[in-house]
Amino acid sequence: PSSIESELYQWWTERALFSPDSHAPGSGQPYVIMMPPPNVTAVLHMGHGLNNTVQDVLIRFERMRGRRALWLPGTDHAGIATQNVVERELAEEGLTRFDLGRDAFVERVWAHVRETGAAILEQLKAIGSSADWSRTYFTLDEGLSRAVRETFVRLYEEGLVYRGHYIINWCPRCLTALSNEEVEKEEVDGHLWHLRYPLGDGSGQVTVATTRPETMLGDTAVAVHPDDERYRGLIGREIRLPLVDRLIPIVADEAVDPAFGSGAVKVTPAHDPADFDIGRRHSLPSIDVMTPEARISLATPDRFQGLDRYEARRQVVAEFQAAGLLDRVETHRHAVGHCYRCNTVIEPRLSDQWFVRMEPLARPALEAYRDGTLRFVPERRGDDYSSWLEGIRDWCISRQLWWGHRIPVWYCDATGCGKISVSRHDLNACPGCGGPVRQDEDVLDTWFSSWLVPFSSLGWPERTPDLATYYPGHTMVSAPEILFFWVARMIMSGLHFMGRVPYTDIYLHGTVRDTQHRKMSKSLGNGIDPLEVVDKYGADALRYSLISGMSVGTDVILDPNDLEGSFAAGRNFANKLWNAGRFILSNLPGPARPLAGSHPRVIRRDELTLADRWMIARCDATVVEATEAYQRFRLNEAAAAIYRFIWSDLADWYIEQAKPRLYGDQPGGDVARAVVTQTFDVALRLLHPVMPFITEALWRRFPGRSAADSISVARWPRPDARAHDPAAVRDFGVVQELVGAIRAIRAEYGIPPGQAVRAAVTAESPATVAAVEQERGTITRLAKLSQLTLGESRERVGGHAALSDGTAVFVPLGEAIDVGRECGRLGSEVDRLARLVQSQEQKLGNEQFVSRAPSEVVERERQKLTTWKEQREVLTRKRELLGCV
RNA sequence: GGGCGAAUAGCUCAGCUGGUUCAGAGCGCCUGCCUUACACGCAGGAUGUCGGGGGUUCGAAUCCCUCUUCGCCCACCA
C-alpha cells in the first residue's frame, strides 16, 4: 500500500478531482458535507479516522453518482484547548501568559499554530480523505471572524445577546467560564455533611445538609419550605452562622424539598445556582468567598484565607466537629461537574458574562425536526435533539481567555456617559460622547464560531457564489458527543441567519472503543494510531475494517493490543483484490487491443455460458444491493455485499471456472475476458468509496484507460434489466452445491487432492440436468473428477450426498471406502431427514397453520416436505444397496 | 432520579417488515493442500439452551412484559 497510496493521493490532488469546480458547471446537483473541523493542534486518532472515513465514503459515492460533491474542510482554533497547549509550553520555560502579556501571548499562539500547521489535515489526507482542500478555512480567518462579529452584533440588536450577572460554570484551572455543555457530569461517591446551625438567640438549632461545607463561609440565609410544619415557627428568625459569626435569616422558599435531609437548606447565593435564585427571591446578599483559582478569599475569617477549597472543606468540617456542631456525615453519591478540557472540578461562580437567549432560536430548530425536515440516523437520536432543545438554557458565550474572537463590545469610561457599544468594526472612541473606550477583555466561546461554519465557510456575510451554490448542504456526519455543542447549534444559526437548515440528514455514528468498551483516549493509553495502521496495512485496510465493523448507531470496538486481529480483514481483502486484479490483467490482451468489441453488452446472449450469465446477474444484484445500502447509510452492508461479490462470486467461482477459457487462446476466451473485465470494473467502482487507493490503482491499469482517467470521477454503475437472470442464479447455484458436495465427500474419505474420482448425478429437474451438462467441464475440474455421468450408478460402494433441490450425488469409491463409515454417515443423514419430515408433517397437519398462514408460505412448506421425503427415500435405498444393517 | 441502547460461535458483530440467507460473516481454532493470481491463500470442518423467566401467535433470535448484566445521555434534592 505505501508504494501506491501517497503517489495516487498526489495525483488526485494535482488533478483537483476533489473540487466540485473541476466538474463541468451545472453538471449535477450539489452535494455538500461540512467536515467537523478538527482542533488546529489535534493529532489524528481513531475517532477522526472513523468520522472522516464515513464522510469520505459518502462524498465519493455521491461524486461518482454525478453530484457536484463538496466536502468542505477546516480547522478550529479551539480556544481553551489551544491556549492550554501553549500555556504548558510556557510553563516549561517557567513562564505564565501573564508574564508575556496579552498581545505577546496571542502572537505566541499564532506562531505555534503556524508552526505545527494543522498537521492533522495532512494526516486526514493519509487516510484518503477527498476533501476540497482549496477551500480549507480556519475559524480565526478574517472572513470567519467577520461572520462572528456580524452574528454577535445582529443577535445583540435583536435582543438575543445580553450581558448578565449570574452563576456560571467556572473552571478554576482554565480560569474561565464554561457553557453548560462544556461541563461533564461525573457520578462520584462523596459525602453529605449535616451541620448544626444555632439560632441567633441561642434557643435551639437547625440542621442543614451540604456536599460542599466550605461554601458555608458565604451563607446568607437558611431556607425551609413554607408548608413544613417543623420549621413554621422559625421562619423570619435568625441563625448565628458558626465560624464567621454572622446573623442570617431563615426564609421560606418553595424550592426547598422538605423530604431531603433535614428539610432545611443553607443558602449560598454566590456559589450555587439554586441558592442564587433563592437569594434573588428574598433579596439576600451574595458573598463571594472564593478567588478565581478556587481558594478562599478575603471576605472570610483570616484563618481560612488562601486555603484551597478542599483544604477549607476539611478545616470547616473539623471546626464544626470541634464545636460539637457536626451532626453526622453520610456517604452520598452525586454528580459533580468537571471541565471538559482539563477535568478539573467545576466551581459555580457568580460573575458578569455574555449570554445568548436560546429559546427563540430553538423554536424553529425544533419545528424543523417535528415537520420532518431533519432526519436523524439512527432515528432515536432525534429524541436527544428535541429534548435538549425543549429544555434549552441560555448559552454563556464569554470566555476569560486570550485566544479567540474578542468580544466586539466597547465600554466608555467617561463619567456621565458609560455607554456600551456593540460594533461590527473596532472602535477608538465612544460613539456617544467621543471619549476613550476600552474593548471587553473576553473572547467568545469557540463554538460561537463553529456554529456558523455551514455558511461562514462559504463567505457569509458576503453574498458569494459559493454561498449561493453550496448552502444549504445535505449530510452532517458526526459523533453523538457533539450533537449539542455543534450540530444542533448549526441548525439554529442556519435557520436564524440563512432561513434554512444547513443540512437535512444527520448521521451520528458510534464511538471507537477498546475491548473493555472504554473510549480510546491518550490518558488511558488504549488508543490506536491510525497512521500506524496505514503504515502497516494501508489506508484501504484501515478504512475497510472501520466501515465493515460499524453498523448504524453502534460503537466500533477495536483491540489496541491486537492490531493484526483488528485490521486483518481489511488487509486480507485488499490483498485478495490486488491479486485478483493482477490475474485478470495478466490474462487480458495488451492495451493495444481495447476490449470495446467484446463488451458483454454487444456479445450475443447465446455466446454466454451458464457461469457467465450467473456472474452478470450476480454483479447486477450487487450493484442494487450496494447502492441501496450506501444510500441508507448502511455502509457496512454495502462493504459486505461487495466483499461477498468479489471474494466468493468473482474470485472463488467465476475466475476459477473461467480459467481454462482465460489461459492462452482458448475458445470462448474473449467472452470470459469480457465478462470478467466488465464485472471486475463494476466491482472496483462499487468498492471505490471504501477502498479508494487500491481500486484506483487497479482500475487505471485496465486497457482502454487514458492517462487522465480516474475512478474517483467514473460513473456509478447502474442496474441493468438485461442482467436479470433468476434461472442462471438458480442453476449455477446447483452447480456450486454439486461441486461442494463432491469436495465434501472427498475430504470425508481422505481422497488425496491429486486423485481424480468419478461421480454420478441423479437429477429429476430438467433444468438441473441441463445445468450439469453445460457446466460439465467446470464441475469436472473443480471437483477433480475423472468422469461425470448423469443417471444412477450400478455401483454400490461410495459416498452419497443430496442437494437441496433433491438431486442425488454418488461418488463410487470402490474398495477405497469404509462401508461401515458410509453406512453410519447415511444413517445419521436419514435420521436428520426423518426428523425434518416429521416436524414438517406436524406443521402441515396443523389446521391452524394451513388455514391462517399465507398460501404461498404453506405451499413453500409443502415443497420442502416433498424434497426431504424424496431425499430420505434415495438415501434409504442407498443404505439397502450397501447392505447396511 | 428520568430517558435510551446493547446482550447471538472463543473474539468483534450481521440478522431491517415474525415464515427461503434462519441460526450467519470476519477473525481465531481443527484437518488436508506451496493446485503458477493470492499461504494476507485454497478446500473441508467443529463450535450456539440467540442473557434468564413469562406472554402474544398456527409459527418468535425477531413482537410484548419482567428480571439480570453492561454502556450511554439528560437532571440545580442541597
Side-chain angles (χ1 to χ4, degrees), chain A residues 167 185 192 208-212 215 223 255-268 272-278 332 334-335 348 378 380-381 383-384 387-388 391 480-481 483-484 510-511 513 515-519 537 541 545 548-559 562 564-587 632 634 636-637 640 643-644 651-652 655-656 659 739-740 743-748 750-754 782 784 804 843 846-854 856-858 860-861 863-864:
Chain A
I167 296 268
K185 291 294 182 64
L192 192 58
V208 296
T210 179
T211 54
R212 296 182 296 150
T215 61
V256 178
D257 176 6
F260 188 88
S262 64
V265 59
K266 59 190 274 311
V267 181
T268 323
D272 186 279
D275 292 4
F276 178 77
D277 291 340
I278 295 175
H332 182 62
H334 62 142
R380 63 189 153 79
R381 292 288 178 191
D383 290 343
D384 296 344
S387 57
W388 183 73
E481 294 98 277
L483 176 59
F484 306 144
T511 307
R513 295 175 187 280
T515 47
Q516 293 165 60
H517 295 167
R518 297 176 308 180
K519 205 167 158 175
Y537 308 115
S545 298
S548 63
M550 176 193 70
S551 72
V552 171
T554 59
D555 291 338
V556 177
I557 311 293
L558 294 171
D559 188 349
D562 184 15
E564 169 94 16
S566 299
F567 297 99
R571 179 204 54 187
N572 295 353
F573 185 39
N575 191 249
K576 184 71 181 182
L577 186 65
W578 183 256
N579 283 300
R582 275 200 317 146
F583 176 77
I584 293 166
L585 282 166
S586 69
N587 287 287
R632 298 171 63 206
R634 296 187 170 248
N636 59 325
E637 289 179 20
Y643 180 99
R644 246 193 325 271
D652 289 348
I655 289 181
E656 287 308 320
K659 271 178 178 172
V739 170
R743 282 171 172 170
I745 289 170
R746 296 181 60 110
E748 179 95 10
I751 312 296
L782 298 187
K784 186 95 183 153
S804 59
K843 191 184 228 178
N846 184 338
E847 271 177 46
Q848 298 272 32
F849 172 70
V850 177
S851 59
R852 301 178 99 147
E856 62 268 23
V857 172
V858 175
R860 204 157 52 216
E861 298 301 314
Q863 207 61 50
K864 277 193 204 167

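Computed from a prediction, not measured in an experiment: that's the story for all the values here. Protein chains get the first letters and strands the later ones, always in sequence-line order, with residue 1 at the start of each.
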Sugar-phosphate only, base, or nothing, as touched by A:Ser548 at under 4.0 Å among non-hydrogen atoms: nothing

A:Leu192 side chain near A:His334 side chain, heavy-atom distance below 4.5 Å: no

Closest approach of A:Asp384 to A:Phe484 (non-hydrogen atoms, all atoms of both residues): O-CE2, 3.6 Å

Rounded distance (Å) that lies between atom P of B:U12 and atom CE of A:Met550: 18 Å

Minimum-distance nucleotide to A:Asn575 side chain [options: B:G44, B:C38, B:C4]: B:C38

OP1 or OP2 of B:C42 under 4.0 Å from side-chain N/O of A:Lys576: yes

A:Trp578 CH2 - B:A39 C1' separation (whole Å): 19 Å

Spacing of the P atoms in B:A46 and B:A23 (rounded, Å): 15 Å

Spacing of A:Phe567 atom CZ relative to B:C11 atom C1', expressed in whole Å: 15 Å

Nearest non-hydrogen partners of A:Pro348 and A:Pro273, listed with the distance: CB-CD, 4.1 Å

A:Tyr643 six-ring face occupied by A:Lys576 cation (under 6.0 Å, within 45°): no

Distance, P atom - from B:A61 to B:A7, rounded to whole angstrom: 15 Å

Nearest-angstrom distance, C1' atom, B:U68 to B:G54: 15 Å

Counterpart residues, side-chain hydrogen bond (donor to acceptor under 3.5 Å, both in side chains), relative to A:Arg582 (two or more places apart): A:Asn579

Check: A:Arg743 side chain, A:Leu782 main-chain N or O, donor-acceptor pair, under 3.5 Å: yes

Protein-nucleotide distance (A:Asp559, atom CG; B:G28, atom P), rounded to Å: 13 Å

B:U12 phosphate, OP1 or OP2, under 4.0 Å from A:Ser545 side-chain N/O: no

Protein-to-nucleotide contact annotation, 5' to 3' order, nucleotides 68-78 of chain B [B base; S sugar-phosphate only; - none; under 4.0 Å, heavy atom]: ----S-SBBBB

Nearest-Å distance once atom P is located in both B:G44 and B:G51: 30 Å

Counterpart base for B:U12, defined by Watson-Crick or G-U wobble contacts under 3.5 Å: B:A25

Sugar-phosphate, base or nothing in reach of A:Tyr537, heavy atoms under 4.0 Å: nothing

Protein-nucleotide distance (A:Arg743, atom CZ; B:A43, atom P), rounded to Å: 6 Å

A:Leu585 CG - B:C38 P separation (whole Å): 15 Å

Mutual orientation of the aromatic rings belonging to A:His332 and A:Phe260 [parallel < 30°, tilted 30-60°, perpendicular > 60°]: perpendicular

Same-atom distance (P) from B:A9 to B:G15, integer angstrom: 15 Å

Pair partner, B:U57 [Watson-Crick or wobble, under 3.5 Å]: none

Residue met sooner reading RNA chain B from 5', once A:Asn636 and A:Asp652 are mapped to nucleotides: A:Asn636

Partner nucleotide of B:U35 by Watson-Crick or wobble geometry (both distances under 3.5 Å): none

Nucleotide opposite B:G1 in a Watson-Crick or G-U pair, distances under 3.5 Å: B:C74

Pairwise side-chain contact, A:Arg513 with A:Arg518, heavy-atom cut-off 4.5 Å (strictly under): no

Spacing between A:Ile557 atom CD1 and B:A7 atom C1', to the nearest angstrom: 13 Å

With sequence neighbours excluded, residues passing side chain to side chain contact (heavy atoms under 4.5 Å, CB included) with A:Pro753: none

Same-atom distance (P) from B:G26 to B:A37, integer angstrom: 23 Å

Below 4.0 Å: OP1/OP2 of B:C38 and any side-chain N or O of A:Asn572: no

Complementary nucleotide of B:A6, counting Watson-Crick and G-U pairs under 3.5 Å: B:U69

Any donor-acceptor N/O pair under 3.5 Å between B:C42 base and A:Glu656 side chain: no

Whole angstrom value for the distance that separates C1' of B:U36 from NZ of A:Lys659: 9 Å

Sugar-phosphate only, base, or nothing, as touched by A:Glu637 at under 4.0 Å among non-hydrogen atoms: base

Sugar-phosphate, base or nothing in reach of A:Arg571, heavy atoms under 4.0 Å: base

Whole-angstrom distance between B:C50 and B:A25, as gauged at atom C1': 16 Å

Touch class at under 4.0 angstrom, heavy-atom based, for A:Lys519 against every strand present: nothing

Upstream residue (5' side of RNA chain B) when A:Asp383 and A:Ala569 are each assigned their closest nucleotide: A:Asp383

Distance, P atom - from B:G2 to B:C67, rounded to whole angstrom: 13 Å

Residues A:Val265, A:Val208; criterion side-chain contact (heavy atoms from CB on, under 4.5 Å); working and verdict: CA-CA 5 Å; A:Val265 59; A:Val208 296; 5.7 Å; no

Listed nucleotide nearest any side-chain atom of A:Pro753, set B:C33, B:G44, B:C42: B:C33

Side-chain donor/acceptor of A:Arg582 to base of B:C38, under 3.5 Å: no

